[in-house]
Each structure stands twice: as C-alpha cells, then as structure tokens.
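Worksheet: the structure to be examined is printed underneath.
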Amino acid sequence: MNAANPTSSFTFDSSWSRASGKVILFGEHAVVYGVRALAAGISRGVFARSERATADSVHVGGMLLAPDHALLGAVRCLRAQLGAAPLRLEFHSELPQGAGLGSSAAMAVAAARALSKSHEQELSDRQLFEAAQAWERVFHGNPSGVDVAAAQSNSVIAYSRGSHPEPLTLAKRLHLVVVQAGPPASTKLMVEAVAKNKVRNPAQFDKTLSAIASLVDNASLLLRQGELNAVGQLMDLNHMLLAGWMLSTEDIENACKIARDAGALGAKLTGAGGGGCVIALAENQERQNDIVNALARSGLSAFAATVGEEI
Ligand code: PMV
C-alpha cells in the first residue's frame, strides 16, 4: 500500500488539523437501495495545515502542486462555500489514494479544519460537512456524504441515503486490520453489477437486502454492547451476502481466509468490492498485530486501524 508510513518523520503538533480515513463496516451496496449502513472513521487519516496567502497553493507530502492541479479547484470550491480568503495549504496523508478509504474526503475535512484555524473562522460540524462536500463534488459528482461524515468522526456512524449520519456509541474500541486485497475496481461498475442482480432475480435480491438490513440492525446493537465475537460473525455473514452478488474475488477470499486463520473474529470486503480492500476485526491489539503480520508474510500490504480512539 502506498500510504505514508505513520512512523516516518512526520510529527503531529497543534499546527496541524486532522481528519479520519473511512471503512464501511456493514451495508455497502444495500445502502444504494435505502438500507442503513455502518461506516467508521479510522485511526489513519490526513493532516493539513494552512496560512493566509495572496493566492492558493497546495503542497502534498512536501511537493508543490501545479496551479492547474484538480486539488486547487477543490480548494477554491471549499473556500467559496465558506467565503474565505486564499490560503497556502500543506497535506500529510497516511491513506492510499483510490483504495476506497476516503482519502479525498479526509483531505477535504482536514483542509476545512486547517482553514478554520488559520483564518480564525469558527465552523460548526454542519458547515464543515457542507464545505467538504463542495470539495468532494469536484472529484465525485454527487457523493452521498458518507466519506465526509466518516472523515469528521473517530468512531462509527450509521447513515442512510438522504439523511444526516448519526454517531453510534461504541462499548469497546474496534481493532481492525485493513488490507489491500487486489487492485480496486470502479465503484460505478460494481454498483451497476449489483443492479443487474436485481433485474435477473428481484425476489432473491429483496431477500438479500432484508437480510443485510437486519444484520445492520443487529450489528448496531452488538457494537453498542461490545459483543465483538458476534460482530465478527455478522461481518462474515455480510461478506457472504455480498459474495452472492458476485462482488468478491479470489484475492478478496484469500485475504479474508488469511485474516480468519490468524485469529480474526470476522472479515469482509469493504466498499465497492471487485478488488480493493478487506477489513478484519481483531479481539485486541495483540491479535490485530498477528493478523497484520500473517497478511504481510503472504505478501499483502496491511495495516492496523483502530476505531473509537481519542486522537
Ligand atoms: O468503495 P467506496 O468506499 O467508494 O464505497 C462504495 C459504497 C457503495 O455502497 C458500493 C456505493 C455507494 O454509493 O454507497
């Protein structure tokens, strides 16, 4: 994975603002059909800092971007939304791009938080959300907002299409492992592939949808109660249902198996599927490290990600 190594020379101090990367824990794809999904802001994220300037400029990992880079357009949209003056922005990212981990939304939220500091402009969560969404529209057309909501959070959020995400109170911190199982597939193509399942067999499709809906409801309860063994079992079940929509691949199955063999309580694809990332849930930090190491021994790039941590 090409994410920056968080143990590298970067030091997070009060000059930086942070936003979280995201994973979908339960309910991806079903959410397109109105089912509630559970997503989480993870302990890896993006850091930004800014200062007022006469014109916008952006540095990513120490490199100055060309003025016609798309990120500069996103900065202008973010500023327009907030009525803010130009700025010099710097980013440090711990997230791989284009892997379904919400890297762009995390940049947007970190940038809005940095601007709020440098321009001494207090922002409510809602204003921050809207500004980051303006940034996201530059890259993703009409995004649902889940990536931005997760980027604002360090915990789990429940979201359904068209309504504002709600935070869920965790009884226990979640020790996840995120692994890039294979090259990511296009979310649009995967969503279209699922729609074909619906056309082919609508009755079966509706059964799967209601199974996922009740699984999400149960998972919310279990997360509130800290019943992690049962949460892991529900992850396996959600994965099986997604595999039934042909969203899994040999690489994904392989990554899930390695994680489960290394002691994961459950493992599933996360996000669009067809490639991309798998998440596994560990009982504790020690087991989380075992899983990361087992995946690494198989040549896979994995990292530990915690949810519900004070950052
Ligand atoms: O792979 P991601 O993180 O872009 O997630 C896609 C989630 C879907 O449910 C598959 C699509 C959507 O719009 O909700």
Side-chain angles (χ1 to χ4, degrees), residues 1 3 19-42 44-46 93 95-109 132-133 135-153 156-166 176 178-198 205 208-209 211-213 215-216 219 235 238-239 241-249 251-252 255-256 267-279 303 305 307:
M1 223 174 242
S20 305
K22 80 109 219 269
V23 293
I24 298 183
L25 297 174
F26 292 98
E28 54 273 271
H29 285 285
V31 70
V32 173
Y33 299 88
V35 170
R36 204 157 60 104
L38 301 179
I42 59 174
R44 277 211 185 183
V46 171
S93 178
L95 299 169
Q97 278 180 3
L101 299 179
S103 139
S104 148
M107 284 180 106
V109 171
Q133 278 289 87
W135 168 299
E136 279 288 85
R137 280 193 286 275
V138 173
F139 302 104
H140 302 301
N142 186 20
S144 70
V146 63
D147 283 21
V148 167
Q152 287 181 260
S153 166
V156 177
I157 50 170
Y159 76 100
S160 344
R161 263 176 105 95
S163 47
H164 198 63
E166 286 169 26
L176 297 177
V178 181
V179 48
Q180 186 143 17
S186 139
T187 299
K188 185 169 174 281
L189 289 182
M190 291 297 112
V191 169
E192 284 168 8
V194 171
K196 284 187 191 141
N197 281 285
K198 182 173 161 68
F205 188 86
T208 305
L209 264 193
I212 295 178
L215 197 146
V216 169
M235 286 170 71
N238 195 167
H239 179 74
L241 293 167
L242 292 168
W245 281 341
M246 311 305 284
L247 294 167
S248 191
T249 61
D251 289 340
I252 290 175
C256 287
K268 66 182 277 291
L269 69 85
T270 182
C277 289
V278 157
I279 50 170
F303 63 87
V307 174

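When a ligand or atom number is given, it counts from 1 through the structure's own listing order. When a residue number appears, it is its place in the shown sequence, counting from 1.
- Listed by atom number, the atoms of ligand 1 under 4.0 Å from Ile24 heavy atoms are 5 (O), 7 (C).
- Atoms of ligand 1 found under 4.0 Å from any heavy atom of Val31 (numbered from 1 in listed order, with element): 9 (O), 14 (O).
- Taking all atoms of both residues into account, the shortest heavy-atom contact from Ala305 to Val178 is CB-CG2, 4.0 Å.
- Those atoms of ligand 1 with a heavy atom of Gly100 less than 4.0 angstrom away are 3 (O).
- Of all non-hydrogen atoms in Asp251 and Ala181, the two that sit nearest each other are CB-O, 3.2 Å.
- For the pair Lys188 and Glu192, the salt-bridge criterion is met [side-chain N within less than 4.0 Å of a carboxylate O].
- Side-chain contact between Lys198 and Tyr33: present, with at least one pair of heavy atoms (C-beta onward) separated by less than 4.5 Å.
- Nearest to atom 12 (C) of ligand 1 among the protein's heavy atoms is Val32 CG2, 3.9 Å.
- Ligand 1 places these atoms under 4.0 Å from at least one heavy atom of Glu28: 9 (O).
- Residue contact check: His29 has heavy atoms under 4.0 Å from atoms 8 (C), 9 (O), 10 (C) of ligand 1.
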side-chain contact (heavy atoms from CB on, under 4.5 Å) assessment of Trp135 paired with Met107: CA-CA 9 Å; Trp135 168 299; Met107 284 180 106; 3.9 Å; yes

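- Remark: ligand 1 and Ala272 share an N or O pair separated by less than 3.5 Å (distance only, no angle test).
- When only non-hydrogen protein atoms are considered, atom 5 (O) of ligand 1 lies nearest to Gly271 CA, 3.7 Å.
- In this structure the side chain of Val148 reaches within 4.5 angstrom of the side chain of Val109, judged on heavy atoms.
- With hydrogens left out, the protein atom closest to atom 6 (C) of ligand 1 is Thr187 CG2, 3.7 Å, a heavy atom.
- Near Lys22, meaning under 4.0 Å from one of its heavy atoms, ligand 1 places the atoms 2 (P), 3 (O).
- Salt bridge annotation for Lys268-Glu28: present, with a cationic side-chain nitrogen under 4.0 angstrom from a carboxylate oxygen.
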